[in-house]
Protein chains: 2
Amino acid sequence: MAQEISISVIKRLPRYYRFLENLKDNGIVRISSKELAERMGLTASQIRHDFNCFGGFGQQGYGYNVPELYTKIGKILCVDAGVKTILIGAGNLGKAVASKIFTRQSGFKLVGIFDKNEAISGKIIQGIPVRHTNYLENFCIDNQPVCAVICIPSNDMKELTDMLCRLGIRSFWNFSNFDIAMAHPEVLVENVHLTDSLMTLSFLTSSSKEELEKISSAE
Amino acid sequence: MAQEISISVIKRLPRYYRFLENLKDNGIVRISSKELAERMGLTASQIRHDFNCFGGFGQQGYGYNVPELYTKIGKILCVDAGVKTILIGAGNLGKAVASKIFTRQSGFKLVGIFDKNEAISGKIIQGIPVRHTNYLENFCIDNQPVCAVICIPSNDMKELTDMLCRLGIRSFWNFSNFDIAMAHPEVLVENVHLTDSLMTLSFLTSSSKEELEKISSAE
DNA sequence: TAGATTGTTAATCGATTAACAATC
DNA sequence: TAGATTGTTAATCGATTAACAATC
């Protein structure tokens with residue numbers, strides 16, 4: 001009987017997917033939860049528990065078939081969905097992020113790029129021309145994108161996300177510090193807070209060893 | 001009596017810091033855990049519990065003094081440490097990340113940028129010239145950086161991180177998929193796995209509503 | 001003083017780990 | 001069949017929430 005799926009399990013799936021892709025590419029066809037656990041720094045128990053949320057992927061006495069498991073997790077993650085996606089902000093971060101979306105089997109398909117800087121209008125990124133933000137509304141009406149990637153600062157984000165939600169955007173990959181999920185509880189949001197990540201590292205790097213030991217013991 | 005500090009508390013600190021900065025900038029000098037909880041989408045209980053890990057920041061019957069709390073959390077996060085930091089990889093991602101490190105009070109100070117692409121050697125990013133990777137070893141011997149930011153693909157990362165660890169690097173901000181923490185258990189690593197984040201969003205965006213309901217109920 | 005709100009402990013909830021029967 | 005390893009339940013552990021005494 002399959003277990004309940006929790007958000008913590010889902011957050012581990014992409015990492016499983018990467019490791020399995022690597023094993024597959026190295027011609028490994030079979031792996032036990034024990035060996036995968038060693039490679040990934042997890043417990044065998046957790047791996048079996050995680051995979052079991054989605055139904056029996058393994059075989060008793062044998063283990064898991066790597067290519068099969070890889071394909072199944074890919075299906076769960078909907079890597080072939082090709083969700084129509086727009087990118088707002090074509091600075092360095094936007095360009096870097098565009099290449100991630102463009103990656104084969106990311107689950108998304110980049111269909112439009114927008115920036116308020118007129119100087120870069122018409123420039124081509126990942127095969128897509130940069131449009132001025134003025135054209136955003138009409139573009140959405142015409143093309144009905146489902147996902148928006150936010151690579152601009154937080155100023156005036158409320159207006160922008162209000163508009164995008166009104167135009168049918170249902171999910172956000174948010175690199176700004178604006179809290180889209182609080183402003184729009186009805187949409188799906190995945191945040192990448194670079195400054196938060198950096199400050200966490202600052203704490204870890206600059207705290208005294210004694211302080212860190214207190215933490216690692218609880219980790 | 002102060003509570004134990006856990007990694008989950010620490011991961012919340014930068015967000016508290018951002019919210020408090022915003023409150024401070026808007027001239028708000030006093031806030032209760034209840035009101036802060038409403039603004040941040042947390043429980044008042046959790047906020048009091050979190051702050052109490054680091055000692056009493058508030059006053060019964062009054063609440064918390066915003067500028068004071070902001071300063072104290074900044075101290076805990078060591079935002080003024082100015083840890084000497086090098087950046088490996090000066091592509092779009094590297095450039096975007098350099099600007100984050102350059103931000104006032106990130107806790108870090110960018111002292112060197114390296115890239116294996118000779119064509120961009122000498123280019124200036126955030127006031128720092130890009131050097132060819134060949135100079136990395138000598139630069140570290142001369143300048144003793146403590147933190148390295150990895151903005152290159154995973155290929156041959158083992159060799160690179162071996163060298164950096166040997167040269168005294170003690171913490172990594174890792175944007176590659178190479179698992180530094182598994183290869184070097186002695187160093188501190190903060191990972192930003194953009195592809196993992198994107199695939200999590202793919203799951204959330206493309207899964208059926210029924211599936212998501214099962215999850216949100218457990219969230 | 002009375003009201004408000006913290007600090008702190010206890011209760012609850014959920015996630016991870018351990019154990020083992022099922023079965024390949 | 002015997003050995004290996006999963007699927008699954010129970011036990012443990014940790015994090016969050018609730019409650020309330022302390023106190024400003």
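Letters A, B, ... are given to chains in the order of the sequence lines, protein chains preceding strands, and every chain is numbered from 1.
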Closest of C/dA19, C/dT6, C/dA15 to the A/Arg48 side chain is C/dA19
Counting side-chain heavy atoms from CB outward, which of C/dG7, D/dT17, C/dT16 is closest to A/Arg12?
-> C/dT16
Are B/Arg104 and B/Glu21 within salt-bridge range, i.e. N to O under 4.0 Å?
-> yes
Which of D/dA22, D/dT6, C/dA15 is nearest the side chain of B/Gln60? It is D/dA22
Do you know which two heavy atoms are closest between A/Val192 and A/Trp173, and how far apart they sit?
-> CG2-NE1, 3.4 Å
Which listed nucleotide (C/dG7, C/dC20, D/dT5) is nearest to the side chain of A/Arg30?
-> D/dT5
Between C/dT16, D/dC20, D/dT6, spot the one nearest the side chain of A/Ser32, thanks.
-> D/dT6
From the options C/dC24, D/dC24, C/dT16, select the nucleotide whose nearest atom is closest to the side chain of B/Gln59.
-> D/dC24
Between D/dT16 atom P and B/Asp50 atom CG, what is the distance in whole Å?
-> 7 Å
Calculate the interatomic distance between B/Lys34 atom NZ and D/dT17 atom P; express it in whole Å.
-> 16 Å
Just checking B/Phe51: base, sugar-phosphate only, or nothing, at a heavy-atom cut-off of under 4.0 Å?
-> nothing
State which of C/dT17, C/dA15, C/dT6 makes the closest approach to the side chain of A/Ser6.
-> C/dA15
Would you kindly give the NE2-to-C1' distance between B/His49 and D/dA18, to the nearest whole Å?
-> 11 Å
Checking only heavy atoms, does the side chain of B/Ser8 share a donor-acceptor pair with the base of D/dA15 at less than 3.5 Å?
-> no
Just how far, in rounded Å, is C1' of D/dT6 from CD of A/Glu35?
-> 16 Å
